[in-house]
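Beneath this line is the structure, given in structure tokens, with notes to follow.
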Amino acid sequence: DYKPHHYQDQSITLVGDRLQRSSIEFILDCSGSMEEQTSIRGEVRGTNDTAQRLSLAQAQLKTMLAELVARNQHNEEIHVGVRFFGHRVGWLNGIANGTMLVQDGYQSQDTMLRKLGPSRDIEVALTVGKFDDTANEDIKHRIDGLKPYGETPLYLALKSALEDFQAEGADSRKCIIAITDGKNNQTSPDTYARDVLETWKTHRVPIYILGFDITKDEAEQATREYSELAAATGGKFLPVNSGNELLNTLRQTLLIDLY
């Protein structure tokens with residue numbers, strides 16, 4: 001009679017490529033309004049501790065970057081880039097088209113920055129690429145030196161960021177995450193949401209915009225414009241109201257896009 005063989009040990013071997021690369025670019029708003037106070041944890045038991053909005057964003061972005069380095073050390077391949085805007089050149093007392101000022105620490109770039117003007121003050125602080133401890137330490141020092149100063153050329157920053165992924169390859173999962181506290185604001189407007197979408201047609205990267213404690217007088221317009229723009233790219237507009245919520249939303253946004 002036939003007697004089936006009983007296997008004592010069974011296993012399945014999976015063979016495949018390494019984890020798919022992810023490519024992320026963060027954009028940080030350093031405009032003058034980021035000097036305002038924002039809740040750290042949200043209201044808890046009637047208390048509402050606050051801190052400068054930019055300092056909260058700086059701390060939470062650095063935490064997020066440290067977590068990405070740790071993930072890279074555990075066999076993931078996550079490329080990272082960072083852009084700043086509104087951090088180098090602005091207006092005396094915030095009066096547009098008045099006396100132009102260059103932030104302390106950027107005096108060596110005075111001529112170039114005055115020609116650029118507050119409306120086009122965007123900078124690549126870290127080119128999208130491999131992200132390790134050395135790169136993280138370098139960008140942390142840049143982030144620590146930021147001060148609220150100028151305007152909010154967010155659309156120009158987004159349009160430029162879309163073009164930063166050309167070397168990342170078609171198989172890389174890509175996204176842009178922008179942190180801003182208000183509507184796009186340029187005294188000399190030259191970039192609009194439609195320009196961002198036109199560039200997106202040839203650089204299809206999802207855009208996530210985190211609206212960080214946007215003031216009531218700008219919230220309606222910003223929410224409408226940013227929601228439409230982000231959705232059209234496959235991303236999302238996400239309002240956040242405290243420093244802790246910003247970090248949690250950063251984490252959730254990466255989970256949404258990278259998995």
| message | Walk me through whether Asn185 and Glu218 qualify under side-chain hydrogen bond (donor to acceptor under 3.5 Å, both in side chains). | response | CA-CA 11 Å; Asn185 177 37; Glu218 294 189 9; over 6 Å; no
| query | Run the side-chain hydrogen bond (donor to acceptor under 3.5 Å, both in side chains) check on Tyr226 and Gln221 step by step: do they pass? | reply | CA-CA 8 Å; Tyr226 294 164; Gln221 179 181 343; over 6 Å; no
| Candidate pair Asp29 and Phe84, rule side chain to side chain contact (heavy atoms under 4.5 Å, CB included), full reasoning | CA-CA 6 Å; Asp29 180 348; Phe84 307 139; over 6 Å; no
| said: Is there a side chain to side chain contact (heavy atoms under 4.5 Å, CB included) between Ser160 and Leu162? Walk through the geometry before answering. | reply: CA-CA 5 Å; Ser160 300; Leu162 285 168; over 6 Å; no
| query | Passes side chain to side chain contact (heavy atoms under 4.5 Å, CB included), Tyr208 versus Thr249? Steps please. | reply | CA-CA 11 Å; Tyr208 294 87; Thr249 304; over 6 Å; no
| task | Begin with the C-alpha distance, continue with both residues' side-chain angles, and end with the deciding distance and a verdict on side chain to side chain contact (heavy atoms under 4.5 Å, CB included) for Lys159 and Glu198. | result | CA-CA 9 Å; Lys159 182 177 181 294; Glu198 188 63 30; over 6 Å; no
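Cluster membership check: Leu61 shares its hydrophobic cluster with Ile40, using side-chain heavy-atom separations under 4.5 Å among Ile, Leu, Val, Met, Phe, Trp and Tyr. A single hydrophobic cluster is seen to contain both Tyr106 and Leu28, as judged by linkage of ILVMFWY side chains at heavy-atom distances under 4.5 Å, directly or through other members. A continuous path of hydrophobic side-chain contacts links Leu210 to Leu254 [ILVMFWY only; heavy atoms under 4.5 Å]. A continuous path of Ile, Leu, Val, Met, Phe, Trp and Tyr side chains, each step under 4.5 Å between heavy atoms, connects Phe212 with Ile24, placing both in one hydrophobic cluster. Both Ile78 and Val82 are members of a single hydrophobic cluster when ILVMFWY side chains are connected at heavy-atom separations under 4.5 Å.
A 4.5 Å side-chain heavy-atom check between Met34 and Gln52 finds every atom pair outside the cut-off. For the pair Arg120 and Leu156, the minimum side-chain heavy-atom distance is below 4.5 Å. Residues Asp181 and Ser31 are in side-chain contact: their nearest non-hydrogen atoms beyond the backbone lie under 4.5 Å apart. For the pair Ile27/Leu158, a side-chain contact is recorded, criterion being any heavy-atom separation below 4.5 Å from C-beta on. Two residues are said to be in side-chain contact when any heavy atoms from C-beta on lie closer than 4.5 Å; Met100 and Pro118 meet this criterion. In this structure the side chain of Phe237 reaches within 4.5 angstrom of the side chain of Thr223, judged on heavy atoms. Side-chain contact between Leu126 and Phe26 is absent, with no heavy atoms from C-beta onward closer than 4.5 Å. Under the 4.5 Å side-chain criterion, counting only non-hydrogen atoms from C-beta, Ser22 is not in contact with Glu76.
Remark: Arg224 CZ to Leu229 CG distance equals 13.0 Å, nearest 0.5 Å. Rounding to the nearest 0.5 Å gives a distance of 10.0 Å between CD of Gln252 and CG of Leu238. Taking OG of Ser242 as the reference point, atom CG of Leu56 lies at 8.5 Å (rounded to 0.5 Å). Note: Gln186 CD to Thr191 OG1 = 5.0 Å, rounded to the nearest 0.5 Å. The distance from atom OG1 of Thr50 to atom CD of Glu36, rounded to the nearest 0.5 Å, is 10.5 Å. Between the CZ atom of Arg204 and the OG1 atom of Thr199 there is a distance of 12.0 Å, given to the nearest 0.5 Å.
When atom types are taken as modelled, the side chain of Asp132 and the backbone of Thr134 share a donor-acceptor pair closer than 3.5 angstrom. A donor-acceptor distance shorter than 3.5 angstrom exists from the side chain of Glu245 to the backbone of Asn241, with no hydrogens or angles considered. Not one N or O on the side chain of Gln103 forms a donor-acceptor pair closer than 3.5 Å with the backbone of Val89. Within the 3.5 Å criterion, the main-chain N or O of Ser172 finds a donor-acceptor partner in the side chain of Lys174. At distances below 3.5 Å, not a single donor-acceptor pair connects side-chain atoms of Asp121 with backbone N or O atoms of Glu151. Gln166 contributes a side-chain N or O that, together with a main-chain N or O of Glu163, makes up a donor-acceptor pair within less than 3.5 Å. In this structure a side-chain-to-backbone donor-acceptor pair under 3.5 Å is missing from Arg88 to Val102. At distances below 3.5 Å, at least one donor-acceptor pair connects side-chain atoms of Thr233 with backbone N or O atoms of Ile207. The backbone N or O of Ala51 sits nowhere less than 3.5 Å from a side-chain atom of Ser55 that would complete a donor-acceptor pair. Side chain of Ser119 to main chain of Thr187: a donor-acceptor pair is present (N/O by atom type, distance under 3.5 Å, no hydrogens or angles).
Of all heavy-atom pairs spanning Ile122 and Ala157, the tightest one is CG2-CB, 3.9 Å. The nearest pair of heavy atoms linking Ile143 to Gln58 is O-NE2, 2.6 Å. Nearest heavy-atom pair across Ala125 and Ile139 is CB-CD1, 3.6 Å. The heavy-atom pair separating Phe131 from Asn72 by the smallest distance is O-ND2, 2.9 Å. The two residues Arg21 and Ala167 come nearest to each other via the heavy atoms NH1-O, 4.5 Å. Counting all heavy atoms, side chain and backbone alike, Asn184 lies closest to Pro153 at OD1-C, 3.6 Å.
None of Leu250, Leu246, Ile214 except one satisfies the side-chain contact (heavy atoms from CB on, under 4.5 Å) rule with Val240; the exception is Leu246.
Between Glu123 and Arg83 there is no salt bridge, since no side-chain nitrogen of the basic residue lies less than 4.0 Å from a carboxylate oxygen of the acidic one. The pair Asp138-Arg142 fails the salt-bridge criterion, with no side-chain N (NZ, NE, NH1 or NH2) lying under 4.0 Å from an Asp/Glu carboxylate O. Between Asp213 and Arg53 a salt bridge is recorded (basic side-chain N to carboxylate O distance below 4.0 Å). A salt bridge links Lys62 to Asp144: one of the charged nitrogens lies within less than 4.0 Å of a carboxylate oxygen. A salt bridge is defined here as a Lys NZ or Arg NE, NH1 or NH2 lying under 4.0 Å from an Asp or Glu carboxylate O, and Arg173 with Glu77 fails to meet this definition.
Residue-environment remark: CD (Glu67) exceeds the threshold of 12 foreign heavy atoms within 6.0 Å.
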